[in-house]
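Proteins come first, then strands; the chains are lettered A, B, ... in the order of their sequence lines, and each starts at number 1. Source: prediction; values computed, not measured.
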Amino acid sequence: MSHVNKASQIKEISGVNPLKCMKCGKCSASCPSFNEMDIKPHQFVSYVQNGDIESLVNSKSLWKCLSCFACLERCPRDVKPAKLIDAARQLVVREKGATYLSPDEVPELLDEDLPQQLLVSAFRRYRR
Amino acid sequence: MSIETNEFRPKIVAFCCNWCSYAGADLAGSSRLAYPADVKIIRVPCSCRVNPMFILRAFEKGADGVILCGCHPGDCHYTTGNYYARRRMTLLFSMLDYIGVENGRTRVEWVSAAEGVKFSQTMNEFVEKIHSLGKNVRLGDLRCKN
Amino acid sequence: MQRIGVFVCHCGSNIAATVDVKKVAEMALLEPGVVHAEDYQYMCSEAGQAKIQAAIKEKNLTGIVVCSCSPRMHENTFRSAAEKAGLNPYMVEIANIREHCSWIHKNVEEATEKAVILARAAIAKVNLNAPLKPGESLVTKRALVIGGGIAGIQTALDIADAGYEVDIVEKTPSIGGRMSQLDKTFPTLDCSACILTPKMVEAAAHEKITIYTYSEVEKVSGFVGDFTVDIRKKARFVDAGKCTGCGVCQEKCPSKKSLSEFNRGLNTRSAIYTPFAQAIPNVPVIDTEACIKMKTGKCGICSKVCQAGAIDYEQKDEILTQKYGAIVVATGFDTIKLDNYDEYAYNQSKDVITSLELERVMNAAGPTKGHLERLSDGKHPKEMVFIQCVGSRCSDGRGKSYCSKICCMYTAKHAMLIRDKYPDVNVTVFYIDVRTPGKNFDEFYRRAVEDYGVNYIKGQVGKVIPQPDGKLLVQGVDLLDNKQILKEADMVVLATAIEPNPDVRKIATMLTASIDTNNFLTESHAKLRPVESPTAGVFLSGVCQGPKDIPETVAQAGAAAVKAIGLLAKDKLMTNPCTAKADELMCNGCSTCANVCPYGAITYEEKEVNDHGIRETRRIAVVNSALCQGCGACTVTCPSGAMDLQGFSNRQIIAEVDAICR
Amino acid sequence: MQELINRAKELLESGEVARVLGWKAGDLPYNPEPAYFEKAEDLKDFVYNGFCGANLSKYMIEASKLEGKTMVCLKPCDTYSFNQLIKEHRVDRDKAYIVGVGCKGKLDIEKAKKLGIKGIESVSGAEMSDACDTLTFQTIYGEKSCAYADAMLERCHVCKGKDHMIYDEIIGESRDTKDAERFAEVEMIEAMSPAEKFAFFQEELSKCIRCNACRNVCPACSCRKCVFDSTKFDSAQKANVDSFEEKMFHVIRAFHVAGRCTDCGECSRVCPQGIRLHLFNRKYIKDINELYGEFQAGADAEARGPLTNFTFDDCEPSIVAERG
């Protein structure tokens, strides 16, 4: 799939028009995971705009976004970076055959605070 | 005069209020936003000037679609004209639908003087819709047909 | 039978490149009534007009059709050309073959065919045209200015200086408006009151100006040159003729818990009050909701202490009816409500304030006597954060889509003033863009940064979190550094978006002036007629038309005044002759038309008619052609079709329909 | 009926009214016709029975121009029309003495005929008595009968109610005859496909002979000069030349009375071709009720009609397509 295609797929999945962004940064200002991210929320928008989906898909940020939707709530332009990130995740998930979570990794991830439900759903979602 | 083609060339009458939509059409023109030549505009002072008889008359004489454009509700130059037009047209269109005339042949769209893009888009859509409906056969005066 | 001439304009290549103009003229000659057709390079030019005039005279034309640009461009040109050649100007119709044809179509054959049809429709219409004569109406040489802020005051002063009577209607107890609430003004740091009060005094003292404060426009009827306006003078409960403005009543009033509107609710005032010290008129009003006497019947202290005996608890609202030739709207603005912006904690902390509130805090007559202090505990702040674009440039429905225009500059002003007066205070400004177009504006902003050390950060604030110790944790971003910033602040100032005064919608409806989706009044032409409303005789001054700073407001106020003066200087106006008219013999007198007339132009008369030999007295609709604006609502609502619109008659429109569908 | 005649006599003799507007027997036992009675002795011809369907409100337009008051007999549903005419300044309330007459449903002889009752010589059971459940016909083929309700006009099956909206006095009792849904027929048509709808109305309207009876009887169609007779719309014609004009006439006629039509059903009653003209009016009424709130024209003489009124948030015309 070409970059252009992927970018338009992200736009389609998210329903977001990145051209509406006025680069105010309120998303990054609101983000609780900002420091964990390599690509910052406000940059998601320009990555999609520039069609650089590869970097986005391979970024740490993709999995660091908590989907708390603070950026989505507060974005003054209705650009909704969280939706872009979610769409990028969808893109990954939809790539058939790929496995993103192997059972071997699970013990390592186990944490007594972690709800088991989460593991089950992560397994469903990120494994084929 | 005639252009000899077998292609369906719809006749479309657009009533535009002088203050908003006619100016919107002018803006579409000066911005070179194309729409099919099948649309012919009649200038009226306000959307409330458009009598249902005019619309039926157009169909009688062979129009395939009639569209009425006026100021956005709340923006009428005469304050309230488009509110009356809105009710009249809703009831008329509903009646035409009721007697079996395809409801895509009639349309109301609010277009401000600043909405050249919307005017052109609306006309493009409307013409496309009329193309999909084909020739108006249910509301014509047979004497007009050659 | 009409003798019609058709004139097809090339408009250089604008039309001629896509429309075969010769063919249009040729085809027009085949239409009924057409006795002359020609084409020319530029019909609107002197030479083109001369051709039209020559043809009218030579061929004895009774009507003409000009196939050219939009009638909105040159209808008047061709009408007056025709008139000069002795033809009634309303015997002219325009076929718009440029905007509606040549400019939007590429195929010459198609465009030409359409141009021919448009010409045909115009010819069919002009065949049914009848000469119309504009009426005349007298101009009342008095102007009304709605709103007594700087815009209204300046407009009134300019009109009055030209020698015309002006009335200012102001809703609040004093003129002065928003500008009276400001502390200093950019970019010169003039004291706002020092430059405003002389104007207020001048307006009050001007023999041509009458000021109605604590008054509202209640009803407007009539039309350009002859408006009739009802003004409600709300009861002040103080006799302005007797009051000396000594202020004792305010001192002694026991009800002192009402929030001061003037100080934006940051402190309180008495129930009997003048909004601020320099108020004009210096006559207090009684707030009936706070007054103990009004609520319980007991108290009456103000009346007892008033030596002039000016207190009158029995005073009633008065309605004043006045005639005006011109109306200027100068209703100004307010800051938006911040209920949609919980993230800034405005409703949670007293130390998060709007910029307009900061103006009051900085002002010597304000709630803190001009000392910069936190409103929660009165402590002197050390860290201040300013957040730009709060509610401006928002297309998400929470705020306003437009740029409020003044915020960048007043924030630079605030930052500079604070750093100047309190060098110990650190000032940080979070901005998206700094917009400083204007004379000396960018220099001003740069001074704030370079000379006063204001810390400008490119980025927005995500949220403000009030801390248990009373500090405010500001979480923002520095986009240039790509870092999230957490900053403890003592005060946060929000550059809150401005919006037109909410009352403007009511006023616009009364004036039939159009308003945009943001409640700003619409100007007649965005570039060429920026201070005129599309409703004749109504002019726009100040922020009611769009965001503006003080110099722009004053300039626009003067421009609106000039337009009003231009109108008042005329003795008579020509009225639009395209008005409705009822056919006496067909009218049922059913009143349906009067129900839909927005101008109250239709009345009924008992009139003796002769209907083909039957003489009887009938109830018949009569249209006042001076009031009628020609919308045509009545013509459609009339069941018998007795009501028709001259210039856009049923038969004319039907003829156009027929010509197009032929 | 006798009570009505007695009261009419009284009013005429006292000079309180100059004439009485009621019904007199026609040439057949089932077609009484509207009539003026100026003298007490003329009242011997006065009839009032189940066949007196005619709505007398419209006659008051001309009666209002005459000297003196007119006693007019109005059934409950007629009073709506009268109110509407007052609102439109077409009748003079002060010139009318309104006697609200009782109504137990009015009869449609065509319905009886459809039941096979032909060659009628006389009818009993149509009188305004309490026991009017069965109609008995003496015909040339012998005695026949049918249930009263089976011969009722369509409009009485969807009766608006037995209350008079305006009156000076009431004589006689009324009965609620409603036993059908007012909009059932309209809904049935609405559910059809466009092609079916078109075929339905094509069939129905092709019967129209443009006799103008619907227009002449309609209390809302009271224009001095109808647009269809006017030169101002280039639409003046008497006969239908083609199928379009049938539709044009009926759509526009219904549009002109939309918001003013009280649904009195006179158009359908008088149509010699039996066209169900109320289907047009009732469609407008149904739309108005659904889109702009319940409205009954003539319920009072003041309320603003729905087409001379609006709200800022009225639906857009696109609703027609949206609701399918």
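Here Arg88(B) contributes atom CZ and Phe255(D) contributes atom CZ; the two are 7.0 Å apart, rounded to the nearest 0.5 Å. Atom NZ of Lys197(D) and atom CG of Asp97(B) lie 4.0 Å apart (nearest 0.5 Å). In this structure, OH in Tyr83(B) is found 9.0 Å from CG in Asp313(D), a value given to the nearest 0.5 Å. A distance of 5.5 Å separates NE2 in His256(D) from CG in Asn51(B), rounded to the nearest 0.5 Å. Distance CZ/Arg87(B) to CD1/Ile288(D): 8.5 Å, rounded to 0.5 Å. Annotation: the span from Glu316(D) atom CD to Arg107(B) atom CZ amounts to 11.5 Å, rounded to 0.5 Å.
Judged by distance alone, with hydrogens and angles left aside, the side-chain atoms of Arg86(B) form a donor-acceptor pair with the main-chain N or O of Phe312(D) at under 3.5 Å. Without hydrogens or angle criteria, Tyr98(B) side chain to Val186(D) main chain gives no donor-acceptor distance under 3.5 Å.
Counting non-hydrogen atoms of other residues, nucleotides and ligands closer than 6.0 Å to NZ of Lys129(B) gives a total of 12 or fewer. More than 12 non-hydrogen atoms from other residues, nucleotides or ligands lie less than 6.0 angstrom from CD of Gln273(D). Other residues, nucleotides and ligands contribute more than 12 heavy atoms inside 6.0 Å of the CD atom of Glu187(D). Counting non-hydrogen atoms of other residues, nucleotides and ligands closer than 6.0 Å to NZ of Lys114(D) gives a total of 12 or fewer.
Ring geometry for Phe310(D) versus Tyr84(B): interplanar angle over 60°, hence perpendicular rather than tilted (30 to 60°).
Both the backbone and the side chain of Thr311(D) come within contact range of chain B, with heavy atoms under 4.5 Å apart. Proximity to chain D (any heavy atom under 4.5 Å) is shown, for Leu68(B), by neither the backbone nor the side chain. Contact annotation for Phe200(D): neither backbone nor side-chain heavy atoms come within less than 4.5 Å of a heavy atom of chain B. For chain B, the nearby parts of Ala195(D) are the backbone and the side chain; heavy atoms of each come within less than 4.5 Å. Using a 4.5 Å cut-off between heavy atoms, Leu291(D) touches chain B through its side chain atoms alone. With a 4.5 angstrom heavy-atom cutoff, Pro52(B) touches chain D via backbone and side-chain atoms both.
Leu92(B) is listed as a side-chain neighbour of Val251(D), based on a closest heavy-atom distance under 4.5 Å. Looking at Phe249(D) and Leu56(B), their side chains never come closer than 4.5 Å, going by heavy atoms from C-beta outward. Between Cys315(D) and Thr90(B), some side-chain heavy-atom pair lies under the 4.5 Å cut-off.
For the set Gly259(D), Ser318(D), Pro306(D), the count of heavy-atom pairs under 4.5 angstrom toward chain B peaks at Pro306(D). Your options are Tyr292(D), Tyr284(D), Phe280(D), and the one with the most heavy-atom pairs under 4.5 Å with chain B is Tyr292(D).
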